[in-house]
Novice: 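Structure incoming, see below.
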Number of protein chains: 2
Amino acid sequence: MAAAVELLDAHGVDGLTMRRLADGLGSGVMSLYWHVDNKENVFDLALDSVLEYRGPQTAQQAQDWRAEAVHMLEDWRASMLRHPWSASLLPRRALGPNILSRLEVLSKTLSRAGVADADLNVAIWSLWNYVMGATVTRASFDLSDEDRAAAQQRLTSLSERYPTIERSRLLLDNDWDGAFRQGLGFLLDGLSPR
Amino acid sequence: MAAAVELLDAHGVDGLTMRRLADGLGSGVMSLYWHVDNKENVFDLALDSVLEYRGPQTAQQAQDWRAEAVHMLEDWRASMLRHPWSASLLPRRALGPNILSRLEVLSKTLSRAGVADADLNVAIWSLWNYVMGATVTRASFDLSDEDRAAAQQRLTSLSERYPTIERSRLLLDNDWDGAFRQGLGFLLDGLSPR
DNA sequence: ACCTGAACACCGTTCAAGT
DNA sequence: ACCTGAACACCGTTCAAGT
């Protein structure tokens with residue numbers, strides 16, 4: 001599936017064509033259908049291959065649950081941003097083994113941190129929502145590179161009608177990494193036991 | 001654009017075809033291109049029409065910032081879930097006037113609540129991320145109705161390998177509305193001033 | 001067991017032309 | 001100003017057939 005990932009990285013979701021993929025593999029188009037049921041299947045395999053998690057490099061686990069959670073979540077986001085087509089695909093497909101492993105890790109970490117069993121699922125889904133929302137949004141800015149200039153100009157002309165977000169420069173702020181980390185901190189504050 | 005929204009509701013993003021849209025309008029396909037630049041333009045118009053916000057019905061504003069924020073955000077989510085194709089489209093397109101209005105409202109509310117100017121953008125994007133992640137995920141479950149049975153079975157067979165999320169029944173819990181509200185509460189806790 | 005070409009039923013959009 | 005049909009360059013996938 002490395003060939004599919006390469007194609008997706010280069011041309012985006014719409015650029016992955018069964019014909020183009022076959023070309024990259026040096027085979028006929030219909031050969032693909034021996035190995036794969038249909039095009040969606042290709043997406044599923046490519047998506048899962050991108051979501052593997054190896055865990056923190058140092059054996060710092062068990063001592064700082066918060067650092068551990070942040071590490072997994074930031075690595076998850078980074079993995080998806082390395083392949084900007086992946087984020088918008090993930091919530092639309094069945095969950096593969098690699099993303100389930102990440103959720104398992106997260107669940108263990110939060111449990112160990114003292115999050116009540118009754119709050120555990122809500123906590124996990126909240127973090128899922130935060131990461132997915134942030135990454136889907138960020139990734140789409142990567143994809144529409146050429147439109148940026150036009151969008152920028154459209155915004156400043158429109159923003160007279162939206163004085164508050166204009167004043168805080170909401171749409172011009174592009175410290176995405178910092179905003180992600182800081183907002184994640186706020187969310188973990190809210191989720192922390194006691 | 002009501003015709004486009006209807007088609008999208010009925011057949012999803014892939015079901016909206018220029019040919020089908022023209023049929024619904026009782027015109028030739030190419031007539032559409034007089035009113036619209038291309039297909040993406042149709043999506044933009046349909047998307048914005050779905051995101052209008054009328055504000056809270058009672059004049060309870062200014063007294064309870066938290067209720068006001070929750071009202072807008074839950075209404076935003078509900079509007080997108082009424083049109084399940086809309087959520088995954090929103091982060092991929094340029095921001096239209098209606099969603100900008102919602103962000104303006106949110107910004108005013110949080111500002112009035114005492115959120116520091118330095119934290120304002122992070123707070124808004126955090127809420128954006130949470131709502132978008134939750135809704136994109138939830139909406140896709142609506143779309144893949146038929147696959148549910150198969151997915152369910154696949155999950156229980158797989159879940160032996162993921163004991164923690166199996167034990168909390170993470171993937172079987174389907175109180176989506178409750179989880180959204182509760183998680184939003186946690187996030188607002190974390191974002192609250194002081 | 002694995003690969004293939006031809007064919008089918010579609011797409012979005014250009015273009016030249018109509019009223 | 002608005003609408004149209006024909007044509008172009010694509011799609012994913014079925015099927016019957018090859019090795």
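For clarity, every value in this text was computed on a predicted model and none was experimentally measured.
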Novice: Looking at every non-hydrogen atom in both residues, tell me the closest pair between B:Ser192 and B:Arg66 and how far apart they are.
Specialist: OG-NH1, 3.9 Å

Novice: Taking all atoms of both residues into account, what is the closest heavy-atom pair of B:Met18 and B:Leu32, and its distance?
Specialist: O-CD1, 3.3 Å

Novice: Rounded to whole angstrom units, what separation is found between the CG atom of A:Leu21 and the C1' atom of D:dC10?
Specialist: 17 Å

Novice: Which nucleotide sits closest to the side chain of B:Met30: D:dC11, C:dG12, D:dT4?
Specialist: D:dT4

Novice: Strictly below 4.0 Å, heavy-atom distances to any atom of DNA chain D: list the hits from residues 34-49 of chain A, or just say none.
Specialist: A:Asn38, A:Lys39

Novice: Does B:Arg161 come within less than 4.0 Å of B:Glu166, counting only side-chain N to carboxylate O?
Specialist: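 So B:Arg161 does not pair with B:Glu166 through a salt bridge.
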
Novice: Where do B:Asp9 and B:Arg82 land on the salt bridge (Lys or Arg N to Asp or Glu O under 4.0 Å) test, with the steps shown first?
Specialist: CA-CA 8 Å; B:Asp9 288 348; B:Arg82 246 176 271 127; over 6 Å; no

Novice: At under 4.0 Å, does any side-chain N or O of B:Thr17 touch on OP1 or OP2 of C:dC11?
Specialist: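 Yes, because at least one side-chain N or O of B:Thr17 sits under 4.0 Å from OP1 or OP2 of C:dC11.
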
Novice: Closer than 4.0 Å, any side-chain N/O of B:Ser31 to the OP1 or OP2 of D:dT4?
Specialist: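 Yes, such a contact exists.
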
Novice: Would you kindly give the CE-to-C1' distance between A:Met18 and C:dC8, to the nearest whole Å?
Specialist: 17 Å

Novice: Check whether B:Phe180 forms a cation-pi arrangement with B:Arg138 (NZ or CZ under 6.0 Å from the six-membered ring centre, at most 45° off the ring normal).
Specialist: no

Novice: Find the partner of D:dT14: check Watson-Crick (N1-N3 plus N6-O4 or O6-N4) and G-U wobble (N1-O2, O6-N3) distances, both under 3.5 Å, and reply none if neither fits.
Specialist: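 D:dT14 is paired, partner C:dA6.
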
Novice: How long is the line joining OH of A:Tyr33 and C1' of D:dA17, in whole Å?
Specialist: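 Roughly 18 Å, once rounded to whole Å.
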
Novice: Answer with base, sugar-phosphate or nothing: what part of the nucleic acid does B:Leu16 contact at a heavy-atom distance below 4.0 Å?
Specialist: sugar-phosphate

Novice: Determine the Euclidean distance between corresponding P atoms of C:dC2 and D:dA17; express it in Å to zero decimal places.
Specialist: 22 Å

Novice: Determine whether B:Leu100 and A:Leu171 make a side-chain contact, defined as any pair of heavy atoms from C-beta on separated by less than 4.5 Å.
Specialist: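 With C-beta onward as the side chain, the pair touches.
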
Novice: If I take atom NE2 in residue B:His11 and atom P in nucleotide C:dC11, what distance separates them, rounded to the nearest angstrom?
Specialist: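 Value for this atom pair: 11 Å.
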
Novice: Rounded to whole angstrom units, what separation is found between the CZ atom of A:Arg19 and the P atom of C:dG5?
Specialist: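 It is 12 Å, rounded to the nearest whole Å.
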
Novice: What is the distance, rounded to the nearest whole Å, between atom CG of A:Leu32 and atom P of C:dG5?
Specialist: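 It is 12 Å, rounded to the nearest whole Å.
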
Novice: By nearest atom, which of the nucleotides C:dA7, C:dT4, C:dT13 is closest to the A:Ser27 side chain?
Specialist: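 For the A:Ser27 side chain, the nearest candidate turns out to be C:dT4.
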
Novice: Between A:Arg54 and A:Asp75, does a salt bridge (Lys or Arg N to Asp or Glu O under 4.0 Å) hold up when you go through it step by step?
Specialist: CA-CA 10 Å; A:Arg54 293 196 166 76; A:Asp75 174 89; over 6 Å; no

Novice: For A:Asp14 and C:dC11, give me the distance from atom CG to atom P, rounded to whole Å.
Specialist: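 Going from CG in A:Asp14 over to P in C:dC11 covers 16 Å.
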
Novice: Quick one: A:Asp23 CG to C:dG5 C1', roughly how many Å, whole number?
Specialist: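 Between C1' of C:dG5 and CG of A:Asp23: 15 Å.
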
